[in-house]
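Structure first, then comments.
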Amino acid sequence: MHVFLKCPFAWQVWALSNLPWGHIERDTELACEWVWHTYAVLGARQGDQFLVICCALWQHRNAVVMEQRGRTPLQVVSSAVRFSNEYCTGVEHMRIDGIEIIHHNIRMERNENGLMGDNSRPNTPFTDGDEGSVSSSNFFLDHVGEVVLTHNSDGLCWKLVESLQNEEDKFSCLRFKFVSESESEVKFTDVYAVNFIGWGLVHESPLGSAERSVSGHSLEMYRFTVHVVHKSKTQTSLWTPSVYTFGHKNLEICKTWVNQINAYLHMEAKRPKSLLVFVHPKSGKGHGCRIWEAVAPLFSQAKVKTKVIVTERAGHARDILTSITNKDLSLYDGVVAVGGDGFFNEILNSLLLSRHKASYPPAPGNFMHPVQSERNVSVLNVERTVFEPRNCKEDESPLLTGSEHVGPQSQICEQDPEFLFPNEIFRFGIIPAGSTDAIVICTTGARDPVTSALHIILGKRVHLDIAQVVRWKETHASNEEPCVRYAASFAGYGFYGDVITESEKYRWMGPKRYDYAGTKVFLQHRSYEAEVNYLEIEPENSSSGPETDPQVSDNTLWCLPRKPGWVSCRANCPVCNVKSPSLARDSQGLRWSKSKGRFLSVGAAVISCRNEKAPDGLVADAHLSDGYLHLILIKECPHPCYLWHLIQLARKGGDPLDFNFVEHHKTPAFTFTSFGKEGVWNVDGELFLAHQLSAQVFRGLVSLFATGPEA
């Protein structure tokens with residue numbers, strides 16, 4: 001399977017073949033199963049071409065291994081397509097059931113530029129008429145034939161000059177009907193690159209003239225490529241790159257079209273021009289560098305400048321980002337993490353700790369005080385803010401290790417006070433290479449490096465809530481000293497903290513250590529006594545909530561079960577796009593409620609946290625940017641009940657919150673106090689010791705190169 005599908009050389013071959021990648025990619029280790037399943041999905045014509053390309057890949061492999069020679073991906077594809085066309089054309093000219101299938105010849109009356117004689121004007125590719133900025137000219141489209149290419153302010157479209165006239169004559173060599181796409185179009189919003197590639201071969205249509213197809217005739221001319229993003233028909237969140245190659249005998253016509261299309265693409269101001277990329281070589285299964293090498297050509301094709309830094313030690317990315325000046329940072333349109341959720345958390349905290357100005361959430365015991373507005377730029381007790389040192393390694397990622405830094409990087413802020421968050425220009429990007437990649441799945445809908453890379457290149461944007469977690473006391477005997485951390489996905493105590501602690505003992509197991517540690521912690525079934533206070537909001541479509549004291553209520557088992565009409569977060573989400581007031585104004589009139597007792601776990605989800613083990617996430621109806629945390633309190637319960645809760649969590653369509661021992665509260669802020677000696681929290685996969693802790697959410701604090709999941 002590596003030769004056919006998983007090596008970068010094979011990826012390039014399939015990309016050049018113009019076969020639909022969504023049908024070819026399949027998660028299986030059995031080559032025979034993959035071949036026959038893919039052939040059945042593609043159909044006869046494309047299936048025949050698929051089989052020939054597989055043979056060509058194997059021949060290339062043998063040539064490299066046995067003779068130390070090989071061919072380029074383009075040579076492999078070209079020879080395979082030519083052989084497939086010759087075979088299919090020869091069979092199609094046979095007399096089948098008394099019907100002779102002969103394709104109509106396309107006239108090859110060439111003008112002085114070598115193009116067909118028709119009504120197009122190849123010497124004047126751009127015409128200004130009543131249609132406004134609409135241009136058209138004749139080109140040869142590789143593997144299709146001569147087309148009339150037209151463009152306007154929205155995109156490109158083309159149509160065959162002379163399509164097959166008899167629909168009944170279009171049959172494959174296995175007698176399945178084959179429908180040729182005589183007309184197609186692409187939007188400029190889906191075009192990520194246009195490049196002039198010089199003089200070379202343009203292959204004729206597989207359904208073109210029989211005489212020319214048998215001879216394997218190809219044309220030489222000047223060419224340019226249009227690189228387009230297509231969405232998979234089976235998985236709409238999965239994006240695949242496609243390449244269209246257009247040819248013309250006139251050099252100036254080709255260059256004029258390239259310049260004109262690029263002019264439209266440059267008008268897309270949202271697209272990044274320069275990016276700072278951090279690659280974690282040991283993230284997840286240790287494939288960080290290989291994943292970046294696979295997607296790097298996409299950035300080169302799109303002419304996106306990338307400064308790539310491969311981390312060499314723990315905290316390497318942290319050290320670079322905390323020392324970089326705002327002037328230098330503003331030279332980039334964003335920063336990209338090639339790694340897992342833990343590596344992204346390191347990069348996020350490195351930037352926000354020194355550049356996000358906001359007041360702290362209320363400390364435990366002070367929760368009756370009004371919540372400070374996130375618009376307030378004065379930081380409470382900023383002189384004694386501690387940046388938490390970290391030495392654990394979730395996802396094999398380098399963590400924030402090293403000495404404590406007292407106070408934010410005030411020197412940087414004094415030099416460049418304008419670079420603050422939220423920031424409408426600067427964005428974060430993630431190319432998944434970790435063990436879980438929950439943030440990528442929630443923001444793009446697919447755990448696919450190519451899809452994430454295309455989101456970045458096209459300059460997609462989605463706002464993301466960020467939770468500010470403040471530790472007031474590390475242990476019961478510690479002095480009160482606030483320590484800030486930011487979380488983009490989840491913060492959990494009890495079961496979640498125990499799992500991350502236990503997994504550190506089995507780092508040699510790789511990502512499977514989390515399964516082992518989770519099973520071990522589950523069997524221990526420990527509970528912890530604690531008190532949680534949270535700002536209570538009224539449930540939607542409900543006129544009454546729990547009975548509360550004007551200041552504090554004791555709310556034991558009231559929760560927000562999944563509503564029949566709940567709305568999951570999707571691209572262009574109406575919930576996330578609605579503007580809302582700041583936290584201070586939004587919390588006016590809200591009351592603090594209290595939940596006290598023994599808990600198996602306390603969790604605060606910023607997003608749904610969808611992943612491969614929990615397909616709907618911890619909270620299926622959580623949103624990327626609605627300004628709320630989802631507080632999930634699992635009360636002490638019998639072992640079988642907790643097991644059933646976890647089973648529901650792992651099911652597609654399950655409801656892990658529909659239990660009387662589970663509390664679910666949407667809240668903008670909460671506080672936590674452990675009645676034990678200390679507390680271990682899991683903040684975005686990183687250990688965080690906290691006896692007393694408080695948290696608040698900042699709506700849309702950062703922007704990601706993403707759109708939200710399509711489905």
Side-chain angles (χ1 to χ4, degrees), residues 12-19 49 53 71-82 84-85 106 108 110-116 118 120-126 135-151 155-161 181 183-186 188 190-209 212-213 215-230 241-265 297-298 300-303:
Q12 296 180 50
V13 168
W14 293 121
L16 291 170
S17 71
N18 286 332
L19 293 177
Q49 183 175 330
I53 292 178
R71 295 180 293 177
T72 66
L74 180 59
Q75 290 174 329
V76 171
V77 173
S78 299
S79 62
V81 172
R82 184 165 54 252
S84 177
N85 293 343
I106 298 177
M108 293 296 293
R110 302 182 178 278
N111 58 15
E112 59 182 357
N113 291 323
L115 286 178
M116 303 176 189
D118 53 30
S120 67
R121 294 182 291 275
N123 289 323
T124 57
F126 305 115
S135 307
S136 63
S137 185
N138 280 39
F139 285 90
F140 272 106
L141 178 57
D142 199 26
H143 300 301
V144 174
E146 190 192 15
V147 297
V148 177
L149 180 63
T150 305
H151 88 77
L156 302 172
C157 65
W158 56 87
K159 186 175 182 179
L160 282 172
V161 170
E181 294 185 2
E183 186 172 1
S184 186
E185 63 178 343
V186 295
F188 283 134
D190 296 326
V191 177
Y192 67 90
V194 178
N195 296 314
F196 177 74
I197 58 174
W199 184 266
L201 291 176
V202 176
H203 304 88
E204 296 183 6
S205 168
L207 295 179
S209 168
R212 289 182 284 110
S213 297
S215 65
H217 183 70
S218 298
L219 306 175
E220 284 191 295
M221 55 186 65
Y222 295 102
R223 302 161 301 161
F224 66 90
T225 55
V226 179
H227 299 263
V228 182
V229 173
H230 286 296
S242 297
V243 182
Y244 297 97
T245 301
F246 294 91
H248 200 291
K249 286 288 185 178
N250 190 302
L251 174 62
E252 293 303 318
I253 289 178
C254 274
K255 288 189 173 181
T256 302
W257 272 80
V258 170
N259 294 336
Q260 187 77 1
I261 298 173
N262 275 322
Y264 280 105
L265 299 185
L298 296 175
S300 299
Q301 292 167 357
K303 296 181 174 58

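Computed from a prediction, not measured in an experiment: that's the story for all the values here.
Residues that satisfy the side chain to side chain donor-acceptor pair (under 3.5 Å) test with Ser242, not counting sequence neighbours, are absent from this structure. For the side chain to side chain donor-acceptor pair (under 3.5 Å) test, no residue two or more places apart in sequence or in another chain qualifies with Lys255.
What you find for Tyr244 and His230 is that their closest heavy atoms are OH-NE2, 3.1 Å. Scanning both residues, Val194 and Asn262, for their nearest heavy atoms gives O-ND2, 3.5 Å. Taking both residues in full, the closest heavy atoms of Glu252 and Thr256 are given as O-OG1, 2.6 Å, listed atom of the first, atom of the second, then distance. Between Val186 and Val191, the shortest heavy-atom distance links the atoms CG2-CG2, 4.1 Å.
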### Query
Hey, mind stepping through Asn195 and Val258 against side-chain contact (heavy atoms from CB on, under 4.5 Å) and telling me if it holds?
CA-CA 7 Å; Asn195 296 314; Val258 170; over 6 Å; no
### Task
Check step by step if side-chain contact (heavy atoms from CB on, under 4.5 Å) holds for Ile197 and Thr245.
CA-CA 9 Å; Ile197 58 174; Thr245 301; 4.3 Å; yes
### Task
Kindly indicate, with the supporting measurements, whether the criterion side-chain contact (heavy atoms from CB on, under 4.5 Å) is fulfilled by Phe188 and Leu265.
CA-CA 7 Å; Phe188 283 134; Leu265 299 185; 4.3 Å; yes
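A distance of 9.0 Å separates NZ in Lys249 from CZ in Phe140, rounded to the nearest 0.5 Å. Rounding to the nearest 0.5 Å gives a distance of 11.0 Å between OG1 of Thr150 and CD of Glu185. Separation of atoms CG (Leu149) and NZ (Lys159) is listed at 14.5 Å; rounding is to 0.5 Å. Rounded to the nearest 0.5 Å, atoms CG (Asp142) and CZ (Arg223) are 8.0 Å apart.
Below 30°, between 30° and 60°, or above 60°: for Tyr192 and His227 the angle between ring planes is between 30° and 60°, a tilted geometry.
Between Phe224 and Phe246, the distance from one ring center to the other falls under 6.0 angstrom. Aromatic pair Trp158/Phe139: ring centres not closer than 6.0 Å.
Side-chain contact between His151 and Tyr264 is present, with heavy atoms from C-beta onward closer than 4.5 Å. Between Trp257 and Leu156 the shortest side-chain heavy-atom distance falls below 4.5 Å. Within the 4.5 Å cutoff, no side-chain heavy atoms of Trp199 are placed close to those of Leu251.
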